[in-house]
Asker: 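One structure is given below, represented as C-alpha cells, and several questions about it will come after.
Throughout, numbering of the chain's residues begins at 1 and tracks the sequence. In listed order, ligands and their atoms are each counted from 1.
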Amino acid sequence: MTIDKLNEIANRMVAPGKGILAADESTASITKRFESINLESTENNRRDYREMLFRSTEAMKSCVSGVILFDETLRQKAADGTPLVKLIKDAGAVPGIKVDKGPKPLPFSPGETVTEGLDGLAERVAEYAKLGAEFAKWRAVIDVNDQIPSYNAINANAQALARYAAICQAGGIVPIVEPEVLMDGAHDIDRCAEATEWALKETFQQLYHARVALEGIVLKPNMVISGKKCPRQASRAEVAEKTLAVLKRCVPAAVPGIAFLSGGQSSQDATAHLHLMNAAGSLPWKLTFSYGRALQADAIKAWGGKPENVTAGQRAFAHRARMNGLAATGRWSQDMETAA
Ligand code: 13P
C-alpha cells in the first residue's frame with residue numbers, strides 16, 4: 001500500500017461537512033448504554049440498534065464519512081441478512097474497526113493506564129482488512145490530576161500508539177491515533193491544555209521514530225476543556241481558542257485531518273465547540289467529529305429499544321449528524337437546534 005492510497009482513505013474520512021460515527025462500544029460499554037433505557041444487551045439488540053443507525057440513509061449519506069465498529073458488529077448481518085458493513089459502504093461511508101484491547105493498569109504509576117493490544121495485531125489487521133475495514137482505531141487514556149500524568153504513562157501510551165499506527169499502515173489501513181486526555185477530573189482548562197500538549201508532542205515524536213506516514217493517519221484528540229468537576233467551567237469560546245492553540249503547536253500540517261472525540265461533553269457543546277473552531281478561519285488540517293456519545297445519546301433515548309420507535313431514533317440521530325456536519329464547516333448556529 002502506498003502513502004497515496006492511505007492518504008486517499010484518510011481524506012475520505014475527513015471529507016468536508018462529514019465526520020465519523022464512533023459506534024465501536026465494547027460489549028461492556030454498550031451494555032451500560034442499554035441499561036439507561038432498561039434494555040437487555042443481547043447480540044440481536046446490539047444488532048438492531050446499530051442497524052437503525054446505519055439505515056438512517058440520508059444522515060449517513062450526507063454527514064457520515066466513516067463508522068468505527070467493534071469486532072462483533074464488523075461480522076454481523078442486518079435482520080434481512082445484509083452484512084452491516086455493506087449498509088455502511090452503500091451509504092458511501094468508510095468502515096473501520098477498534099483494534100485496541102483497552103487500558104490496563106500501568107505498574108508503578110498509580111491511577112494510570114497503558115492501552116494493550118499489540119500482540120498479534122498484524123494478523124488481526126490483515127483479517128479486518130479482508131472483512132472490509134479500511135481504517136482502525138486505538139485509544140490511549142491519559143488521566144489528569146495534580147500528580148499525573150507521569151512521563152511513564154505519556155511515553156508508554158505514545159509508543160503503543162506509534163507501534164499500532166505503523167502496523168496498520170504496513171497492513172494497508174489508516175490508523176486513527178487517539179490519545180485521550182480525560183475530562184473526568186477537577187482540573188481546570190489550563191491543566192488540560194498542558195497535559196494535552198505533552199501527550200500530543202510525545203505521540204508525534206514516537207510516530208516519527210516508528211516511521212509512520214503522517215499523510216496516512218487521522219488524529220483523534222480530546223478538546224482542551226475544563227475537568228467536569230472543576231468549579232470554573234470555561235466558556236465555549238475559550239475551549240475553541242485553547243484547543244486550536246494547542247493543536248497548532250503540536251500537529252504537523254501533513255496530517256490530513258483531526259476528528260475529535262466528545263469525551264463526555266453534552267451533545268450541543270460538542271457541536272458548538274467544533275463549529276467555533278471551524279468558523280475561526282483557515283487551518284492546515286480538516287477539523288471534524290468522531291463522536292460516540294455526543295452523536296448517539298439522543299438517538300438511543302428516542303429509540304428506547306422499541307421497534308415502533310426506530311423512526312424516532314433515526315430522526316434524532318439524523319438531527320445530531322446534520323448539526324455536526326454543519327459544525328464541521330463552521331455553518332452551525334444555536335437557533336438550528338431549537339428550530340428542530
Ligand atoms: P466519545 O465521543 O463518546 O468520547 O467516544 C468516541 C470514542 O471513540 C472514544 O474512543
Asker: Salt-bridged, Asp80 to Arg55, with N to O below 4.0 Å?
Answerer: yes

Asker: Could you pull out every N or O of ligand 1 that sits under 3.5 Å from a protein N or O, with the distance for each pair?
Answerer:
{"residue": "ligand 1", "atom": "2 (O)", "partner": "Ser262", "partner atom": "N", "Å": "2.8"}
{"residue": "ligand 1", "atom": "2 (O)", "partner": "Ser262", "partner atom": "OG", "Å": "2.5"}
{"residue": "ligand 1", "atom": "2 (O)", "partner": "Gly292", "partner atom": "N", "Å": "2.8"}
{"residue": "ligand 1", "atom": "3 (O)", "partner": "Arg293", "partner atom": "N", "Å": "2.8"}
{"residue": "ligand 1", "atom": "3 (O)", "partner": "Arg293", "partner atom": "NE", "Å": "2.7"}
{"residue": "ligand 1", "atom": "4 (O)", "partner": "Gly263", "partner atom": "N", "Å": "2.7"}
{"residue": "ligand 1", "atom": "4 (O)", "partner": "Arg293", "partner atom": "NH2", "Å": "3.1"}
{"residue": "ligand 1", "atom": "8 (O)", "partner": "Lys137", "partner atom": "NZ", "Å": "2.7"}
{"residue": "ligand 1", "atom": "8 (O)", "partner": "Lys220", "partner atom": "NZ", "Å": "2.7"}
{"residue": "ligand 1", "atom": "10 (O)", "partner": "Lys137", "partner atom": "NZ", "Å": "2.4"}
{"residue": "ligand 1", "atom": "10 (O)", "partner": "Glu178", "partner atom": "OE1", "Å": "3.1"}
{"residue": "ligand 1", "atom": "10 (O)", "partner": "Glu178", "partner atom": "OE2", "Å": "2.9"}

Asker: Charged N to carboxylate O below 4.0 Å: is that the case for Lys98 and Glu178?
Answerer: no

Asker: Not counting sequence neighbours, which residues clear side-chain hydrogen bond (donor to acceptor under 3.5 Å, both in side chains) with Gln265? List them please.
Answerer: His273

Asker: Scan Leu287, Thr288, Leu219 and name whichever one has a side chain to side chain contact (heavy atoms under 4.5 Å, CB included) with Phe260.
Answerer: Leu287

Asker: One pair to check against side-chain hydrogen bond (donor to acceptor under 3.5 Å, both in side chains): Thr196 and Asn222. What are the steps and the verdict?
Answerer: CA-CA 8 Å; Thr196 303; Asn222 54 284; 3.0 Å; yes

Asker: Test side-chain hydrogen bond (donor to acceptor under 3.5 Å, both in side chains) on Ser226 and Arg191; report intermediate values, then the result.
Answerer: CA-CA 8 Å; Ser226 317; Arg191 180 81 182 115; over 6 Å; no

